[in-house]
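Below: one structure, written as structure tokens.
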Number of protein chains: 2
Amino acid sequence: MVTQAQVEDFILNGHKEYIPHVSLDCAIFGYHEQQLKLLLIRHKAVDGWCLPGGYIKRTEKLVEAAARNVKERTGVDNLFLQQFKTFGDPNRAKFEEFDEDRWYEVLGVRVGRGNWLIDQTISVGFYSITDFSRTVLQPDMMSIECDWFDIDSLPPLEFDHNEMVREALHTMRIHLYHYPIGYNMLPEKFTLTEIHALYETLLGKKLDISNFPKKLIALGLLIKLDEKRSIGPHRSPHLYQFNKERYHEALRNGVVLS
Amino acid sequence: MVTQAQVEDFILNGHKEYIPHVSLDCAIFGYHEQQLKLLLIRHKAVDGWCLPGGYIKRTEKLVEAAARNVKERTGVDNLFLQQFKTFGDPNRAKFEEFDEDRWYEVLGVRVGRGNWLIDQTISVGFYSITDFSRTVLQPDMMSIECDWFDIDSLPPLEFDHNEMVREALHTMRIHLYHYPIGYNMLPEKFTLTEIHALYETLLGKKLDISNFPKKLIALGLLIKLDEKRSIGPHRSPHLYQFNKERYHEALRNGVVLS
DNA sequence: GTATTATTTAGTAAAAACTACTAAATAAAT
DNA sequence: ATTTATTTAGTAGTTTTTACTAAATAATAC
């Protein structure tokens, strides 16, 4: 639970703990059973939805700040997390629309125009992917709501966040061909059909079911187990798991998936 | 010419014109006759070499700040310019080594620890490519020297700039397969041998001379002219030029070169 | 003019990769 | 034992890539 004192301290003294003029925004993609969603939040003092974001502590690395932010919103750790682009445009937030009275009303603190939060920021964009069924959402102290939205029916977003989502999705889909993905999104042991559905959903297009797994297996990323899973009146699929070493080696050095 | 008054104004009042805590660094690659070089500068108050960089005016976009920076250093406009990564690590610059007396000595201004220049910054990395024979180098006001270095024999760089160069080169080489390149680096009309040499040098590897141009021609990026160039006692090569429309369309939407 | 020369560049054969499709295998249910 | 639905190995056809060959050709030397 966030207390009023904490909110006040953040607003009035946050610039001592965080680096001013720099923020980060996270496009957190959520996958589950062939659905792709995006996490959005609603700020107390802003009408529409936007990407979750935050500030960078003076003591932490950029990627650590992003990981902390994702963890705070979703409750989940250790996700696939990548920088995609940094945004800086004097018009990306409209400070002329800043309404001091409204901020006082909703936050209970008088935030002046000189406050560190009411100033131009450069924002570093990260994206992340998680299994949304395992998450426990938690808005940040400046927000009232936090929810998953289907990627195909997002509301219009505030600031330059529509562009951010477009860029994040684009980068994520390119990365899918160059980095292995699946940890944290699939059970420890999974079937080829499951990982196939994951890739199809993330890429937003069909992949031939019989050709798709060949490359992954040829690259040694998947280990075929001697177990099967019973899921109906038909042949039981084999279970697979990731070859952890190869997986992390591929994460570091990249692969080519097609 | 930069006056002492300008230096003082930049140091003491720069934070009003520029966004504090954010900087940018540019890996400016220079190509000419099968040589690949990198532009480095030497700060007045720092011993080693580093990437040229600068700050972002409150009125300009990120990419405009980078373009301005590249133009100031090289005198050349309108180059291929791409963001590659943003760097943020509390240890990327070592402020404990900051030597107030040395700064006074070399700059003639007393720069205190509270000064905006002596504080943690997040740096946005851009890379750019130009023909180094067409450039007129110009150090920035905080530097004494500015020169091209062969990419294979760079001096060790200050701060995290070795990592930046590694990342910039890596990104540039990936981009070569996804964006057309050559404008500003080749004459208006050029031979297949010339563009082949450009790609080989930038990629740092051999490309089969007889297969290389096929994809570029098939994509319609190159227009074969009816002119030839006389350059020796042998068959004269045809001249080509870029299909401007296709070139810019490919810059926007990307291509796949292999 | 003609032969020589070095390089450009069209063409092709072989190899590799990719795609679309077929059918065998198989485990649960009846 | 049979039916059923799905997994997954296999393959044939296509496309792309790669490696190589040789024809074309313009400047030079004679």
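Sequence lines set the chain letters: A, B, ... in the order given, protein chains first and strands last, and positions in each chain run from 1.
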Strictly under 6.0 Å, is that where the ring centroids of A:H175 and A:Y127 end up?
yes
Mind calculating the distance between NZ (A:K206) and P (C:dT19) to the nearest angstrom?
17 Å
What about A:R235: does its side chain form a donor-acceptor pair under 3.5 Å with the base of D:dT6?
no
Does a side-chain N or O of A:K228 approach OP1 or OP2 of C:dT26 to a distance below 4.0 Å, or not?
no
Please state how far atom CG in A:L239 lies from atom C1' in C:dA27, giving the value in whole angstrom units.
14 Å
Rounded to whole Å, the CG-C1' distance (A:D208 to C:dT22) equals 12 Å
Given the options A:D160, A:D25, A:D89, A:S123 meets side chain to side chain donor-acceptor pair (under 3.5 Å) only with A:D25
For B:H170, look at atom NE2 and say whether over 12 heavy atoms of other residues, nucleotides or ligands are found less than 6.0 Å away.
no
What distance do B:H32 atom NE2 and B:Q35 atom CD have between them, rounded to the nearest 0.5 Å?
8.0 Å
When rounded to whole Å, the CZ to C1' distance for the pair A:F212 and C:dT19 reads 16 Å
Is the count of non-hydrogen atoms from other residues, nucleotides or ligands lying under 6.0 Å from A:R246 atom CZ greater than 12?
no
Is the phosphate of D:dA9 approached by A:K224 (side-chain N or O, under 4.0 Å from OP1 or OP2)?
yes
Rounded to the nearest angstrom, tell me the gap between atom CG in A:N211 and atom C1' in D:dT7.
14 Å
Across the strands shown, which category fits A:T193 at heavy-atom distances under 4.0 angstrom: base, sugar-phosphate, nothing?
sugar-phosphate
B:I209 atom CD1 is separated from C:dT9 atom C1', nearest whole Å, by 9 Å
By nearest heavy atom, map A:R229 and A:K215 onto DNA chain C; which one lands nearer the 5' end?
A:K215
Nearest-neighbour nucleotide for the A:P233 side chain, C:dT8, D:dT18, C:dA29 considered:
C:dA29
Of A:H234 and A:K214, whose nearest nucleotide on DNA chain C comes first from the 5' end?
A:K214
Taking CG from B:L222 and P from C:dT9, how many angstroms apart are they, rounded to a whole number?
11 Å
At 4.0 Å (heavy atoms only), tell me whether B:S210 reaches a base, stays on the sugar-phosphate, or touches nothing.
base
For B:L219 and D:dT16, give me the distance from atom CG to atom P, rounded to whole Å.
12 Å
B:S236 side chain, from C-beta outward: closest of D:dA27, C:dT9, C:dT8
D:dA27
